[in-house]
Amino acid sequence: MPHFELSAFLMTVHNLYLFDRDGVCLHYSEWHRKKQAGIPKEEEYKLMYGMLFSIRSFVSKMSPVDMKDGFLAFQTSRYKLHYYETPTGVKVVMNTDLGVGPIRDVLHHIYSGLYVELVVKNPLCPLGQTVQSELFRSRLDAYIRSLPFFSARAG
Amino acid sequence: MPAMADETLFQLLHTQVVAAAYGAGRGSGDEGLRAGLTVLEGMGFRVGQGLAERLPQGALAFREELDTIKFLCRDLWGAVFGKQTDNLRTNHQGTYILQDNNFPFLTQMAWGQQYLEEAPKFLAFTCGLLRGTLSSLGIESSVTASVTSLPACKFQVVIQKA
Amino acid sequence: MAIFSVYVVNKAGGLIYQLDNYAPRAEAEKTFSYPLDLLLKLHDERVLVAFGQRDGIRVGHAVLSINGVDVNGKYTAEGKEVLEYLGNPANYPVSIRFGRPRLTSNEKLMLASMFHSLFAIGSQLSPELGSSGIEMLETDTFKLHCFQTLTGIKFVVLADPRQGGIDSLLRKIYEIYSDFALKNPFYSLEMPIRCELFDQNLKLALEVAEKAGTFGPGS
Amino acid sequence: MSRQANRGTESKKMYWYLPFPLPSASLRLMSSELFTLTYGALVTQLCKDYENDEDVNKQLDKMGYNIGVRLIEDFLARSNVGRCHDFRETADVIAKVAFKMYLGITPSITNWSPAGDEFSLILENNPLVDFVELPDNHSSLIYSNLLCGVLRGALEMVQMAVDVKFVQDTLKGDGVTEIRMRFIKRIEDNLPAGEE
């Protein structure tokens, strides 16, 4: 029997990773996370990126037909990982609970409305490094908290 | 509201203009900073002169100094930054303060104090632009900028009496 | 609707059973004059399209045949290197058939063990307590469903994103596995499953599931 | 309005009204020329800072590259252009979407190489060079070289290594301005070192 939690889904956003095409973790933030990975953060980012990199090549080989968007999401018994990648290799990864449906437009907004506007267009933000801009961090945090499927209660 | 595409291209070019002003061995530390600001202001001045020459003749029918400054606040700012300045003050003795609470070269940087010490580099070109436009309109001036909390900043225009 | 393939993976990540149920053929044959306006590259003993897309030929497609004769990996039927052959203007015009490369059994083994480790990482990186490994993985062309037994055997089904009834299919496969593999005295655990009855019952179960149809929009 | 006590140059707040707004057309004109004028000031400054034209050309290309690697992200955010898998597709997107969006012109695409890995962009009017005459002591200056850097930087970010150069330039007396683009190789994105 697949492990299937029948309790009412508590809509929530767990955490978010932002990577560039070289695997640099540009940004990480979390909102409701009950379990840590048990390894240092830098190792966690490498493990996450390595997993995503492998999934990309895994799905491109496994796919029976030519793909367009490719890998979209995966889920386990307790959470769902949503994935969005741009032609420049910027990767937006958001973990939510199982009840959250496709959120491609949300991830696209994080890329175009927040990362491009407040990091790429900030002359003082060098590319390929962890983002230092506080404006980007605060706007991202505010945006995530404003999402309909973000619920503080689950904290 | 993100800027128009061509405004974005201009902003990215402006970033390279700032980089050029501080490149080419202009010295480091304060001396380098001053030299860079002067070069930036100089480039802005040339662009300001060029812009003023392309004004439709009608716009030059100003007599009043104040009207010229208002022209800067509305039309020049509109053409260059896609918005108007938010405030204009004057002591009626040739000193004007143009305030922009959302200066486009700063809006992507911060909301508050972060990058405060770097901000002046992104204002010098505009100082020169204002001075250059005024000088083409026959008004000599000195223009300085100040920023205390991004993305707001002030440009002080002091008219040199003949 | 379509169920594309089934994989059974043992505790150590070894592939012990694999079935291709439905593999749509996406192929395109075209005659080219010299020089070839597609960029080819060698990858895993095959010649693939690296850049350039036209008339149904896509990046990632493999050279399947030259002038109607199937190639053998990176060699032509006559044993010459495909890349060399296509680099020589004398061989033009040439008719080349391109298509999505079929997975070799070696690649299937590698992909099974890759999924095995991805499954585990999915659990390790979970932000919630008590999470299993990856149970479902979604792309725009297929959904991968995985059911892991308490004994660590993974049953993996790849199907069209809109194919329904996969959970019950996975349970059915588990029953067939215990009936026709586990209970078969000649089958040793964790080893490749070569039981005829397992094979037949599994194919039957796939047909039933495909006919059960789909849920969600579209046929 | 009461006169403020003389607090230095601090002046009293004054509500100002505008005599008459400029017609928006002339605003559009000024903003499009702003880019050209700013570019001119940049080139002039570089010619002061560097003795020979080769160094200026190199600086312009480097600055263009710095713009291109960021401009591509803005372009992708604005247009929903997907990954480019073909050089002909790429040429169309550059000429018909990117140039139109950022410079307001649509260069024509010509002179395809037989292998489809080289083409030319023909610009009837190069917006960078309005009102510019090249002084004769700068004969080997490639005035618009920034454009080559922008294209090279942007395409590199989408995994295409390309060579971009001017082969004709109206500034040098040619009939049109022609930018030659040659596909070198596809850049595979690989795993950072030290990964499993």
Side-chain angles (χ1 to χ4, degrees), chain A residues 1-5 10 12-17 30-39 43-45 47-48 50-83 93-98 102 104 154, chain C residues 2 4-5 7 20-26 44 53 56 58-61 100-101 103 107-108 110-111 114-115 117-149 156 158-161 166-167 170-171 174:
Chain A
M1 244 308 289
H3 189 67
F4 208 75
E5 192 77 22
L10 211 52
T12 186
V13 175
H14 295 304
N15 52 4
L16 177 104
Y17 302 78
E30 63 188 49
W31 291 275
H32 307 106
R33 182 171 187 171
K34 295 201 191 73
K35 172 187 167 299
Q36 294 298 332
I39 49 176
E43 290 310 310
E44 179 184 328
Y45 302 150
L47 186 59
M48 173 59 83
M51 177 181 74
L52 296 171
F53 192 87
S54 305
I55 288 179
R56 274 172 79 237
S57 88
F58 175 79
V59 297
S60 75
K61 289 198 171 78
M62 290 291 262
S63 176
V65 289
D66 298 315
M67 298 204 294
K68 200 169 107 5
D69 300 327
F71 172 51
L72 300 175
F74 74 61
Q75 62 186 65
T76 71
S77 58
R78 301 304 301 278
Y79 77 98
K80 192 169 185 180
L81 179 143
H82 305 260
Y83 180 77
V93 183
M94 182 187 286
N95 286 326
T96 70
D97 72 273
L98 291 168
R104 223 174 148 65
Chain C
F4 300 123
S5 57
Y7 289 69
D20 284 329
N21 181 51
Y22 168 69
R25 292 308 299 160
D44 289 352
Q53 233 162 230
R58 289 275 169 275
V59 166
H61 281 190
R100 276 193 72 75
L103 291 175
E107 277 173 324
K108 288 176 184 170
M110 190 272 297
L111 289 166
M114 186 192 253
F115 179 73
S117 56
L118 292 173
F119 179 90
I121 299 172
S123 165
Q124 183 185 352
L125 289 174
S126 163
E128 281 284 285
L129 290 165
S131 170
S132 70
I134 298 174
E135 289 188 343
M136 198 275 285
L137 188 148
E138 228 178 307
T139 77
D140 63 305
T141 54
F142 70 90
K143 263 188 189 165
L144 175 150
H145 303 258
C146 172
F147 163 57
Q148 178 171 268
T149 68
V156 176
L158 270 78
D160 183 281
I166 298 292
D167 286 342
L170 285 167
R171 274 199 303 280
Y174 186 28

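Just so it is clear: chains get the letters A, B, ... in the order the sequence lines come, proteins before strands, and each one is counted from 1.
To the nearest 0.5 angstrom, C/Glu128 atom CD is 8.0 Å from A/Thr12 atom OG1. The distance from the SG atom of C/Cys146 to the CD atom of A/Gln75 is 12.0 Å, given to the nearest 0.5 Å. With values rounded to the nearest 0.5 angstrom, A/Leu52 atom CG is found 9.0 Å from C/Leu125 atom CG.
Residue with the most contacts toward chain A among C/Leu103, C/Leu144, C/Ile134: C/Ile134 (heavy-atom pairs, distance under 4.5 Å). Chosen from C/Ser126, C/Ala23, C/Ser123, the residue pairing most often with chain A at heavy-atom distances under 4.5 Å is C/Ser126. Counting heavy-atom pairs closer than 4.5 Å to chain A, the top residue among C/Gly133, C/Pro127, C/Ser5, C/Ser131 is C/Pro127.
Between the C/Arg100 side chain and the A/Ser63 main chain, a donor and an acceptor come within less than 3.5 Å of each other. Counting only distance, with no hydrogens or angles, the side chain of A/Ser77 and the backbone of C/Ser132 share a donor-acceptor pair below 3.5 Å.
C/Thr149 does not touch chain A: none of its heavy atoms, backbone or side chain, sits under 4.5 Å away. Heavy-atom distances place both the backbone and the side chain of A/Asp69 under 4.5 Å from chain C. Proximity to chain C (any heavy atom under 4.5 Å) is shown, for A/Asp66, by both the backbone and the side chain. When heavy atoms are compared at a cutoff of 4.5 Å, C/Asp44 approaches chain A solely by way of its side chain, counted from C-beta outward. Only the side chain of C/Met114 comes within contact range of chain A, with at least one heavy atom under 4.5 Å from a heavy atom of that chain.
Side-chain contact between A/Ser54 and C/Leu118: present, with at least one pair of heavy atoms (C-beta onward) separated by less than 4.5 Å. Inter-residue side-chain proximity for A/Lys80 and C/Glu138 is flagged as met; some heavy-atom pair is nearer than 4.5 Å. Under the 4.5 Å side-chain criterion, counting only non-hydrogen atoms from C-beta, C/Tyr7 is in contact with A/Met62. Side-chain contact between C/Phe142 and A/Val59 is present, with at least one heavy-atom pair separated by less than 4.5 Å.
For C/Gln124, the side chain to side chain contact (heavy atoms under 4.5 Å, CB included) partners are A/Ile39, A/Leu47, not counting sequence neighbours. Looking at residues two or more places apart in sequence or on another chain, you find a side chain to side chain contact (heavy atoms under 4.5 Å, CB included) between A/Lys35 and C/Leu129.
Annotation for A/Gly70 and C/Asp140: closest pair N-OD1, 2.7 Å, computed over non-hydrogen atoms. Residues A/Met51 and C/Gly122 come closest through the heavy atom pair SD-N, 4.1 Å. Counting all heavy atoms, side chain and backbone alike, A/Phe74 lies closest to C/Leu137 at CB-CA, 3.9 Å.
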